[in-house]
Every structure is written in C-alpha cells, then in structure tokens.
Number of protein chains: 2
Amino acid sequence: MAFENLNSRELRVLQNLINHYIQTADPVGSRVIANKFRMGLSPATIRNTMQDLEELGLIRQPHTSAGRIPTDSGYRVFVDMLLKTEPLTEADKSKIRGMVNDGNKGLDAILSQTSRILGEITSQLGITISPKFDEGVLTRIDLIPVADGKLLVIVAVRSGLAKTILMEVESDIDIAELRQMESVLNERLAGLTLGHIRKTLNDRLANTSCSSRLIKLFLDSKSVIWEDQGDEKLHYTGADKLISQPEFADRNRITDFFKLLENQKSLIEFLESKSVGEGIVITIGSENEINEMRSCSLVISKYQTGNNFGVIGILGPTRMPYSKLVSIVDYTAKSLSDALIDL
Amino acid sequence: MAFENLNSRELRVLQNLINHYIQTADPVGSRVIANKFRMGLSPATIRNTMQDLEELGLIRQPHTSAGRIPTDSGYRVFVDMLLKTEPLTEADKSKIRGMVNDGNKGLDAILSQTSRILGEITSQLGITISPKFDEGVLTRIDLIPVADGKLLVIVAVRSGLAKTILMEVESDIDIAELRQMESVLNERLAGLTLGHIRKTLNDRLANTSCSSRLIKLFLDSKSVIWEDQGDEKLHYTGADKLISQPEFADRNRITDFFKLLENQKSLIEFLESKSVGEGIVITIGSENEINEMRSCSLVISKYQTGNNFGVIGILGPTRMPYSKLVSIVDYTAKSLSDALIDL
DNA sequence: GTTTGGCAATCCGCCATTTAGAGTGCTAAA
DNA sequence: TTTAGCACTCTAAATGGCGGATTGCCAAAC
C-alpha cells in the first residue's frame, strides 16, 4: 500500500499517537499529542492531521468524542517505517543468557525455560516451538528390542537431537535379522535428511536380503518414523499476565484465546508458516489468518540447531510494545541458537 | 466432624439444594426445594431446616434475601454421604474406550487424547499426568554414541516405556570401553527399580574393570539419568469451557487459575500427593492447600502401567457435577490402565 | 410439638435519568 | 496555514426508584 508519501508531520503524529496508546490503552486525543509530545502545534492542527490519518485508514475513533486508536494498518506503518528498536538492558540480557545456557538441560527443558523468560520480561505470552526434524540429517539409526514384541527405534540426527519411537512387532523377531536390518538402514539412509528419506524410502529399501517382514514394518510405519507428526512441541508461558491486559476485559476474548492455545497443532503450523526467512517477523491483527488471533500480534523469529529450525516469539494484543519486543525476541533467538550449537 | 447425626430431612434438603445449585449456579430458596422436589413440606418448614443447616456450617447465604448455597463442608457431606454415582451413557463409554485405545500412539499422545476427552465430556478441565518412572523396573540400558562428544543413553523400563538422555562426553571414548560399560550396567542394574538404582548406584558400580572416566560420568549424572526430574508431564484440556462458568466471572479468578496451570511442577506434585490409595479421590475447595485452588474441586484417580502409576482427573469449580464425574474418571482410569497393559 | 400461612423487612439487580467530562468538527479570525 | 472558539456528541459514572425474591419470625392450625 502506498503509505510512503505520508508527510513527516503525519508520520510524527502517528508515531506519537501509537507510542502513547501502547502505554495507556486509552484512545488518544489531540490535546495529549500536542502537549505531551511538544510538537509545537496546537491541538486544532493536530486534529486536522488526525482527520487525514483517519481517512487513510491508519487510525480510527471508537466513537465520536473519543480520541483515536491505531488500526491494524496503522500499526503496520508504525512497524515498517517508524520502529526504533530499543536496546536491551544489561539485566535483561544476562537474564536471557543465563536461562538459555543453563547447564546440562535437555532441549525440551531449555525451550520451556525460554518461553518462561520471554513471558516474564515481556509480560506477554512467550512461545517456543521445538525444531522440525524434517530438515535434519540422519546420522544413525538404532534398533533395540526392549521387551517382548516391542522395538525401540532411535533416530539420531546431526546436531545431537534424537527421536525415539516405540514400535510393536511380532514377538519372534530374530536378533540377527534385526542387526542386518539395522546395518542396511544405516548404509542406505545415513547422511540424508529425514524429509528426503520419507519420500524415497520405498526405492531405497528395494533389493535387500533383509527379512521381508521387517522391511514391511519399516515401510508401513514410514510416517511414524520419518514424519514430523506432532513432534514439534509448543511451550508457552505468561497467559496469566496477558489476560489481565484491558483488551481481554471481555470474557469471550479469553475463551477465544484459550481455544487458540489448546489447538496446538494448528497454532504450530501457523507459526511455522509465518516464520519464513531470516530475522524477526511481525504479524499484526487481521494479518493473522486464524480467527481467534485477529486482535493479536506476533513477534517471532527462527532459531537454529544443526540444520533444523524452530520458532520462538511473543504473542500479545495488537497494542504491544513492538520496539522492546523486537530486541528481546531477536536477542533470545540468537542466544538460543548459540547455546544449541554448544549442546 | 460429627455430621453423622443429621436427620433424614436435613440430609434430603441438603441433597436437593446441592443438586439444584449444581445445575443453576443460583442461590436456592426454600420455595424451589419445596415445589420442585415435592418434599411434601411447605417452604416455611424447609426454611427452618435450612436455618439448622446454616448453623452447622453446611450452607450459607451470600446475602440476606438470597437463597442458600453450599459451603465446602456442605459439599463434603454431600460427597461422603449422599453421592449416587451416575452410570455412564454407552455413548460416553465408547467415546472413552475409542480414544484411549487409539492404535499405535505413544504414551504421550494417548495421555494428551485422554485429557482432551475428559475435558470434552465433562466441560471441565481434563488433566493427565504421565507415570512416575521411579517405580519402574529397568529392563535394559543402551549406550549409543551419536556424534562427536555425544552419548545417547536409553533407559528402557518394563511395560515398554523408555527414556532417552543425551550426555556430553569427551570425544575420544573408546567403543570397546563403552560396550564394556554397557554390559556392566546391564548386569548389575537390570531388574531393579530406578528409584532403587539411584540410591545404591555408588555401591553397585564399585569394583569394575570399566574405564574410570566412564564410571565417573555415570556417577556424576546420577540425577539426570535415574531421577524423575520433571519427567512427569502434565496435559490439560478444556480451559476455555471452564472459564466460561459463572464462578470465573471475576477476572482475578481466571488469572489465579492460569498461574496455577503454568506452575506445572507444583501442580503435578500436588496431584500426586493427593492421589494416594486406590480409586477415586475427591478434594473440595479449601481442602486443596494450594491457594489458587481454594475455590476449585478435584476428582482424580490413579492409573497404572507396569509398576508405574500416573494420575488423571478433573479440575473444576467446587460447584461441579460430582456424581457424573466420579463415574467418568473411574471408567477412564480403568480403560487407560487396560489400554496400557496392551501397549 | 410440629407445621404452616401471613407479613414486614431486607437486599439485589435492573432501568431510566442525570451529570460531568472529554474530544471532535467546523467556522471564522489571525 | 494555523489557531481559537464553540456547539455538538458520546461515554462513563453516579443517582434514585422500582420490582422481585427470599428470609425470619410470629401466631394460628394441625
């Protein structure tokens, strides 16, 4: 949209209005902008500018005789053209680093911690999603009989992640058969990405001397083993603070919000679909296709471990302190990626 | 408390009052009880009885000229002396069985499903906690080098559960050393419970010909490997329906509630502390020591897999349909235990 | 002695009305 | 182009009255 030709006064008014609204959650009137922000203009002049901004669809009045509040497009312009990222305090930085690097914890615990710290220092909902395995390169697969009729399959991926699947088998699998299967799998599949393996498994398992029963087993459970089904785990923290924000005064908003959170699968899918490319992604209000999210914004970023990518970020009302959040999410994502290299 | 000498009229009034209140959430007056429940008494007589019940602390008036509502003690008497468990409908039964036995899913997925079905058919919060590993009997331990400096430890437990831990090691561990360590561990530890192993590991690893480096490694990471730290996982579903109940009209109640849910550790600990013994346990309102739970009730039960026990149940406001919930939780716990034997 | 009808008293929830305040849009003057 | 002034509009909060529900108590009835 052609908002590039906004003049500088309009931009400044929009900026001041949004900054003030983010703090107070109250519609902002012309007087406040004129006085508090010392723009050297009278309220009447500001009013004229505000009318222009309203016609452009960047701000709106909840009702006559109220001040203005930003629309989704208004926030979009703010984020694209006016955002000054706010440097983190040392305290926050060290808090983040401390949490993320917390010793010998597993990936899961780290991500849970991370969502907690994100929630805490932002007072919004901190979210983390564990990395997709799909892009992971198989380093090795192990088959371990653990009990009668149970076979534990361990899929180890470069960068140290591992996934275990418990499968049922007929109880009389021969150990030798199993070993053979194992080595065939390793010979033929190691070095490929899981996604790739999934697509080409049929071909790759042709012409072996393995037990056909086992071959069948592995072909049949293709999706369970190689697919990503619901492996990505979602952690979130900070719901309590979030719902005390004024935008959740209406109970229905809260119910909507929890419907959203309980439908983890679609939420994960959605977040992953949005976090394309490098760096921070911000989506605002109605830009989020999920209905229950139409009054929320998202500040997210990918993080990396090995070849695999996960997502972390913040979910909150469209009225959120974007400039702070961008720095926080960015710094956290980077710290997390660093920490996971070490892991 | 000596509520055993309540006369039968008092009991019937209490019962009717609670049944009605559970349905409507409105204070119940003497007229309703007299008419709706056809007790053959006039409202005035009921009023007298209600005064008695109030003096005993079983019911109370929110304000003059309102009907009465049950107190926590009132619910307690109701549950202990007046509860008629309501048989499940066939529809619900088959829903539960269907979900719980849903094919080849892993434990985690089953428990997640279970919490969902509990939430759905009760309109309260369905909760499941995965079993404690501590009582599990080790069937086998495997050591698998997955990458430079990484060692994957797989702890398999009778009944098919397995836990994997990724450890850091110096990169030049010798495969032969590892195999030896593995077989020593299996020889000396298989058949013992994890809890037992944890306590006696030092002694049991004395006098071996294993690499002292490896021995040290295993002793050092004792807690990570054998301990239960946060392994119990909590699933819950139904928050959205729960908070639409009238008792959550006050926003503070909702925030309290989510503080409770986000503090998973203490919630898990609490639920486990309450679920002693066989069968259903019901705790009401202030009987729950956690502050944020003082206006909620809990209907929980243990379930079993191998030697391990987990907990499932329902969390909701003290005004909950106890008689239904008891049957549902009971049936679900049993179905779950059955399904996990099969697993 | 127990139960009941009658009745005054109490308190809540709802509705309409009022009031104060905030902010606007427009117009005319600077 | 900017500003001051002013009539207008709308909200939020306060006020007051009314109807309804329920109680407690007392005296009469069973």
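All values below were derived from every heavy atom in this structure, side-chain atoms included, with hydrogens, water molecules and symmetry-related copies excluded. Proteins come first, then strands; the chains are lettered A, B, ... in the order of their sequence lines, and each starts at number 1.
Projected onto DNA chain C by closest heavy-atom contact, B:S42 and B:H63 fall at different nucleotides, the more 5' of which corresponds to B:S42.
When the ring-ring contact (aromatic ring centres under 6.0 Å, His included) test is applied to B:F248, the partners found at least two apart in sequence or on another chain are B:F257.
Atom pair A:M39:CE and D:dT3:P shows a separation of 11 Å (rounding to whole Å applied).
Sorted by first then second residue, the salt bridge (charged side-chain N to carboxylate O under 4.0 Å, His left out) pairs that include residues 312-323 of chain A, not counting sequence neighbours, are A:E247-A:R319. Screening residues 64-73 of chain B for salt bridge (charged side-chain N to carboxylate O under 4.0 Å, His left out) gives B:E54-B:R68 as the qualifying pairs, with residues at least two apart or on separate chains. Residue pairs meeting the salt bridge (charged side-chain N to carboxylate O under 4.0 Å, His left out) criterion with at least one member in residues 280-289 of chain A, sequence neighbours excluded, are A:R76-A:E287, A:K274-A:E289. Sorted pairs that involve residues 10-60 of chain B and meet ring-ring contact (aromatic ring centres under 6.0 Å, His included), not counting sequence neighbours, are lacking altogether. Annotation: salt bridge (charged side-chain N to carboxylate O under 4.0 Å, His left out) contacts involving residues 15-36 of chain A, sequence neighbours excluded, are absent. Among residue pairs with one or both ends in residues 42-89 of chain A, those qualifying as ring-ring contact (aromatic ring centres under 6.0 Å, His included) are A:Y75-A:Y322; sequence neighbours excluded.
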### Query
For nucleotides 21-28 of chain D, read 5' to 3', which letter fits each nucleotide if B means a protein heavy atom sits under 4.0 Å from the base, S means only the sugar-phosphate is that close, and - means neither?
BBBBB---
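No donor-acceptor pair closer than 3.5 Å links the side chain of A:E292 to the backbone N or O of A:D256.
Interface limits on DNA chain C: the 5'-most and 3'-most nucleotides within less than 4.0 Å of chain A heavy atoms are C:dA22 to C:dC26.
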